[in-house]
Each structure stands twice: as C-alpha cells, then as structure tokens.
Amino acid sequence: MNYWLMKSEPKIYSFDDLKRDRETVWDGVRNYQARNFLRQMQVGDLAFFYHSNIAFPGLVGLVRVVATLADPTQFDPNSRYYEPKSTPECPRWQTVRVEFVETFPLISRETLKQEFSTEELIVLRQGNRLSVMPVVEKVALQILALANSKIAQS
DNA sequence: GCCAACGTTGGC
DNA sequence: GCCAACGTTGGC
C-alpha cells in the first residue's frame, strides 16, 4: 500500500464537500507528472487531503482510493477537460475515485514545515503545483501519529 | 492583492 | 528545438 497527498482548493472542492459526497472522482488533472502518479495509485491506498490557496493551508483529513479509472471528462466534448485524442480503448488521462475516511484537526502548513523538510514532503516545496504527489511511508506514519495526537488533545 | 514559480504556447 | 511571452497556481 502506498501513501499520497491530494491537493484541492476548498473554494473549488473542499474536504467538507467530499465528506458530504462520501466519494468523488479526481478528474480534470491535465499534468503529465501528476497523471503518472495517478497511474501508480492502487485501490486501498491512503491519501492526505490538503487545502491550498486559502489563509491557512494544510492537511484536513484522510481519503482512500476505491477505484482506478480513465478520467471521464476527457470523453466529454462539453467539458473543459475534453481530450479529442482519447478513446475509451486508449485513454490519455487516468484517475482514481476516492472515499472519505476521516477528518483531522487542521495540520497547518506551518506545522508541516516544522516537522518535515522539503525533501520529505513535496507539497512544502516552493512553487509546487502538483495536485497529486507521493508521500513516503515513514513520513505518512509520522503525519498519522501527529493527527492522532491532535485528535486526542481535542 | 502581490508576486515568484511553474507549465504551456507559439514564433522563429 | 529554443526560448520569450503568457496564464495560472498558491503562499504570504
């Protein structure tokens, strides 16, 4: 099993939206590096949900991969993510369906910076624009421990 | 709102 | 294939 970090702007799709929907398809990713990570994701993998582009960015919860699939928006001529070169037999863009697992008390970007280096956590790197990125197990377990201690405090 | 960092586009 | 210009992202 692998760990990931998935980034979303809450103004566009927040963790509360996912909690309400229970699950969602991570569609619309049109960056090859992010797609390659999406291709590596497997059912059962866990991902930290990160809120970006807000006053207090950080990790807000945990999600689980429940399916892998071709991004449906690439076949939709009305979608801004339409990809005319894609066919169902040979899709260009792969993605995953994720389900809500649990909410954390916010683990702020500031806290993450104190705990981890930019080498350990890609999301901390300046200018990072990937919406999906891997998290090595050692770091993932530390984040989960951090989340559990915050839950215990609250 | 500012601006640095990044990916993409398009002229050559 | 290079690279300047441009649009977007995202922290602050």
Side-chain angles (χ1 to χ4, degrees), chain A residues 2-21 23-41 45-65 68-87 90-136 138-140 142-147 149-150 153-154:
Chain A
N2 291 307
Y3 294 93
W4 306 91
L5 185 150
M6 301 177 86
K7 190 172 65 179
S8 185
E9 294 188 34
K11 281 172 219 159
I12 296 171
Y13 193 82
S14 72
F15 196 58
D16 278 344
D17 291 333
L18 177 61
K19 188 175 183 181
R20 175 199 65 211
D21 298 340
E23 52 178 48
T24 193
V25 173
W26 208 259
D27 59 16
V29 175
R30 293 295 180 270
N31 171 289
Y32 283 98
Q33 205 182 343
R35 182 201 62 178
N36 292 342
F37 290 138
L38 285 164
R39 281 184 170 170
Q40 293 168 29
M41 293 173 89
D45 283 359
L46 293 172
F48 300 100
F49 198 104
Y50 181 92
H51 274 172
S52 69
N53 212 6
I54 45 163
F56 299 101
L59 300 176
V60 289
L62 196 64
V63 304
R64 183 187 292 112
V65 176
T68 62
L69 69 162
D71 184 336
T73 61
Q74 70 193 305
F75 306 124
D76 177 3
N78 296 318
S79 170
R80 63 178 286 208
Y81 302 115
Y82 180 55
E83 172 52 70
K85 290 180 184 143
S86 281
T87 61
C90 188
R92 182 160 299 199
W93 302 104
Q94 179 76 13
T95 192
V96 294
R97 178 187 296 275
V98 294
E99 68 174 0
F100 170 86
V101 176
E102 71 172 320
T103 302
F104 299 158
L106 175 71
I107 303 176
S108 69
R109 181 176 179 86
E110 200 180 345
T111 301
L112 291 171
K113 274 185 183 168
Q114 286 164 12
E115 299 287 329
F116 306 105
S117 69
T118 53
E119 285 74 29
E120 289 173 308
L121 251 196
I122 296 169
V123 77
L124 297 179
R125 293 177 198 168
Q126 193 175 23
N128 163 67
R129 293 170 74 168
L130 290 172
S131 71
V132 178
M133 61 206 95
V135 178
V136 296
K138 176 182 163 234
V139 172
Q142 285 178 258
I143 294 171
L144 288 172
L146 208 58
S149 72
K150 277 181 173 275
Q153 283 166 25
S154 62

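Below, chains carry the letters A, B, ... as their sequence lines are ordered, and counting in each starts from 1.
With sequence neighbours excluded, the residues satisfying side-chain hydrogen bond (donor to acceptor under 3.5 Å, both in side chains) with S108(A) are T111(A). Checked against ring pair (Phe, Tyr, Trp, His ring centres under 6.0 Å), W4(A) has no partners two or more places apart in sequence or in another chain. Partners of S14(A) under the side-chain hydrogen bond (donor to acceptor under 3.5 Å, both in side chains) rule, at least two apart in sequence or in another chain, are D17(A). For Y32(A), the ring pair (Phe, Tyr, Trp, His ring centres under 6.0 Å) criterion is met by W93(A), not counting sequence neighbours. Remark: Y81(A) engages no residue in a side-chain hydrogen bond (donor to acceptor under 3.5 Å, both in side chains) (not counting sequence neighbours). With sequence neighbours left out, K138(A) forms a salt bridge (charged side-chain N to carboxylate O under 4.0 Å, His left out) with E120(A).
Side chains of M6(A) and V63(A) form a contact here, defined as non-hydrogen atoms less than 4.5 Å apart. Counting heavy atoms from C-beta outward, Q94(A) and M41(A) have side chains that stay 4.5 Å or more apart. Considering only heavy atoms from C-beta on, Y13(A) comes within 4.5 Å of D21(A) through its side chain.
Using a 4.0 Å cutoff on non-hydrogen atoms, the parts of residues 49-60 of chain A near DNA chain C are Y50(A), S52(A), N53(A), P57(A), ordered by number. Listed by residue number, E9(A) are the residues of residues 8-18 of chain A with a heavy-atom contact under 4.0 Å to DNA chain C.
Residue pairs meeting the salt bridge (Lys or Arg N to Asp or Glu O under 4.0 Å) criterion with at least one partner in residues 74-85 of chain A, sequence neighbours excluded, do not occur; the list is empty.
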If you look only at distance, which donor and acceptor atoms sit under 3.5 Å apart when one is on a side chain in residues 96-103 of chain A and the other is two or more places apart or in another chain?
residue : atom : partner : partner atom : Å
R97(A)  : NH1  : E23(A)  : OE2          : 3.2
E99(A)  : OE2  : R64(A)  : NH1          : 2.6

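Remark: R30(A) engages D71(A) in a salt bridge, criterion side-chain N to carboxylate O under 4.0 Å.
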Short N/O separations, protein against nucleotides 7-10 of chain B, under 3.5 angstrom:
none

Could you go over nucleotides 1-5 of chain C and give all protein N or O partners under 3.5 Å, atom names and distances?
none

